[in-house]
Protein chains: 2
Amino acid sequence: MSDRRTQILDAAATLISERGFTSTSVDDVIKGAKLSGKSHFYHYFKSKEELGYEVLNRQFERFAERGLAILREPMIDPLERLNLFIDAVVALQSESGGRRGSPFGNLAAELADAHEGFRVRIEAVFERWASQIRSLLWEARPQLHDDVDAVRLSRFIIAALEGAVLMTRVKRDLSVLEGIAADLKRFIAMHIRDGAVMQHSRNLE
Amino acid sequence: MSDRRTQILDAAATLISERGFTSTSVDDVIKGAKLSGKSHFYHYFKSKEELGYEVLNRQFERFAERGLAILREPMIDPLERLNLFIDAVVALQSESGGRRGSPFGNLAAELADAHEGFRVRIEAVFERWASQIRSLLWEARPQLHDDVDAVRLSRFIIAALEGAVLMTRVKRDLSVLEGIAADLKRFIAMHIRDGAVMQHSRNLE
DNA sequence: TGCGCATTGGACCACTTGGTCCTATCATAT
DNA sequence: ATATGATAGGACCAAGTGGTCCAATGCGCA
């Protein structure tokens, strides 16, 4: 992929995460990516919409590198991985100083009702995310109560994190996210079978 | 307050909850409220911004009627009230068929970073909401573990509900919200002191 | 040398945005 | 009778929107 293209995508990603999709104009993106003019932009993207879709994809891939990779890590106890994943979400949010949360949550709230194309794509993002957590829970099932509903629990985790990121943004206070993350871990721990021990943390002791 | 004013506010509230604040134009509101023209609108509101603020206030008051009133209900066991409150949020969402969630969550995601005026007002809404839950938890403290942190727990409840509403909107599936609501109740129940019983449900048996 | 893509730069398009201003009509309360 | 506020309707504004088109340059690759 050409250099310019990614440059445009990066600039757009920043702007969209700051101001939302509708409030980010093509001219803003052009300024942000230091292009010479409209023709230059439309040389790479056929419309603003297409730009948005590609930004969404890229953002997901980036997030996948950091967040989902942790969920898949084969050498660590699955439930331990889940905690690390939650920590990663907190860390990601910290980087922007508590502002601009998960780019998916933002776009979801902005466009879920208004723009079907985006809604479907965001749904797919959440689904891949959820399925990764589900398979992790499946892997951890020896340590979990028999009645744990992986579908429901995975949704709960995502919802709690998205909600936490949103509140953190509104309150401009990272400790909100930290507190919720800690509670979420406790909620997950609630599903652990009595007497079950994390396999890896035991080895480490 | 004049009839027209509330008519405009109602139309605006609907439009904003459907398409967001930035994507709702003054002309849209004028059409929605069946006004004769711009001058008619600006006869009642000095700017679109002011309109937005008043819509936010109204929406909060309306929500307060339904949701917060339940939290205050003096004749019901506090923890039972909390469950009823969660049910009310689910019911509210059901009315719009799983679409357009909490108007605060929507506006929060859209404007928290971009528009300080809205951010502050939304923060105030969440705070009043949280404080109502906090005082409920305080009331319920005889039934709760000593180490329950009311501030954190109240935030967790709000975050989980906001996140749940968001996911429900994205997935266009009300059962998502219902599942998360059920899990949230279980999480709250986790904080109940061993042997404690809900005062009122006992009376009813 | 020439082909094709990348880049530059700007004119231009129809349309929408929030907002102002002006005039005129109508009812109601003083 | 008169002032006040609601209603109506339209002209107008500067600025911004996404998007098109064109002409002229680079620039490397065959």
Side-chain angles (χ1 to χ4, degrees), chain A residues 1-58 106-107 110-111 113-119 121, chain B residues 1-58 106-107 110-111 113-119 121:
Chain A
M1 200 180 309
S2 89
D3 222 19
R4 281 284 186 192
R5 242 187 113 81
T6 64
Q7 194 181 338
I8 296 172
L9 286 167
D10 286 343
T14 304
L15 289 167
I16 291 172
S17 77
E18 279 171 7
R19 348 203 299 201
F21 180 72
T22 24
S23 295
T24 299
S25 73
V26 176
D27 282 327
D28 290 338
V29 175
I30 288 168
K31 266 174 223 150
K34 279 158 189 164
L35 302 181
S36 55
K38 281 233 173 102
S39 49
H40 200 178
F41 172 85
Y42 282 100
H43 179 65
Y44 288 99
F45 298 92
K46 65 179 243 269
S47 70
K48 190 196 175 189
E49 206 181 18
E50 200 208 72
L51 203 228
Y53 292 158
E54 289 203 35
V55 167
L56 194 59
N57 282 338
R58 250 177 86 78
N106 285 355
L107 284 179
E110 186 186 351
L111 301 168
D113 295 326
H115 197 300
E116 184 67 9
F118 275 102
R119 205 216 98 227
R121 283 168 175 80
Chain B
M1 200 179 314
S2 93
D3 223 19
R4 281 284 186 191
R5 240 185 114 82
T6 64
Q7 195 181 336
I8 296 172
L9 286 166
D10 285 344
T14 304
L15 288 166
I16 290 172
S17 77
E18 278 171 7
R19 354 215 273 215
F21 180 73
T22 24
S23 295
T24 299
S25 73
V26 175
D27 283 327
D28 290 337
V29 175
I30 287 168
K31 267 174 222 150
K34 280 157 190 164
L35 301 181
S36 57
K38 282 235 172 99
S39 49
H40 201 177
F41 173 86
Y42 281 100
H43 180 65
Y44 289 99
F45 298 91
K46 66 179 242 269
S47 69
K48 189 196 176 190
E49 207 181 17
E50 200 209 71
L51 202 231
Y53 292 159
E54 288 203 35
V55 167
L56 194 59
N57 283 338
R58 251 178 86 79
N106 285 356
L107 286 180
E110 187 188 350
L111 302 168
D113 295 327
H115 196 300
E116 184 66 9
F118 275 102
R119 205 216 97 227
R121 283 167 174 81

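All chains are named by letter (A, B, ...) in the order of the sequence lines, taking the proteins before the strands, and each is independently numbered beginning at 1.
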Could you tell me whether the side chain of [Y] reaches within less than 4.5 Å of the side chain of [X], counting heavy atoms only?
X     : Y     : result
A:D28 : A:R19 : yes
B:R4  : B:L35 : yes
A:I16 : A:L56 : no

Within residues 31-49 of chain A, residues whose heavy atoms come under 4.0 Å of DNA chain C: A:S36, A:S39, A:H40, A:H43, A:Y44
Taken in chain and number order and not counting sequence neighbours, the residues that satisfy side chain to side chain contact (heavy atoms under 4.5 Å, CB included) with A:E18 are A:T14, A:L15, A:R100
Do the side-chain N or O atoms of A:R4 get closer than 4.0 angstrom to the phosphate oxygens (OP1, OP2) of C:dT7? yes
A:R5 vs C:dC5: side-chain N/O to OP1/OP2 distance below 4.0 Å: no
Applying salt bridge (Lys or Arg N to Asp or Glu O under 4.0 Å) to A:D10 and not counting sequence neighbours gives A:R58, A:R62
In chain order, what residues pass the salt bridge (Lys or Arg N to Asp or Glu O under 4.0 Å) check against A:R119, with sequence neighbours excluded? A:E116, A:E123
List for me each residue that meets ring-ring contact (aromatic ring centres under 6.0 Å, His included) alongside B:Y53, sequence neighbours excluded, and say none if there are none. B:F118
Touch check for A:T24, heavy atoms < 4.0 angstrom, all strands: base, sugar-phosphate only, or nothing? sugar-phosphate
d(CD1, A:I30; P, C:dT8) in whole Å: 12 Å
Looking at B:K48 and B:F21, would you say the former's side chain and the latter's main chain have a donor-acceptor pair under 3.5 Å? yes
Nt span of DNA chain D in reach of chain A heavy atoms at under 4.0 Å, 5' end first, is D:dT17 to D:dC22
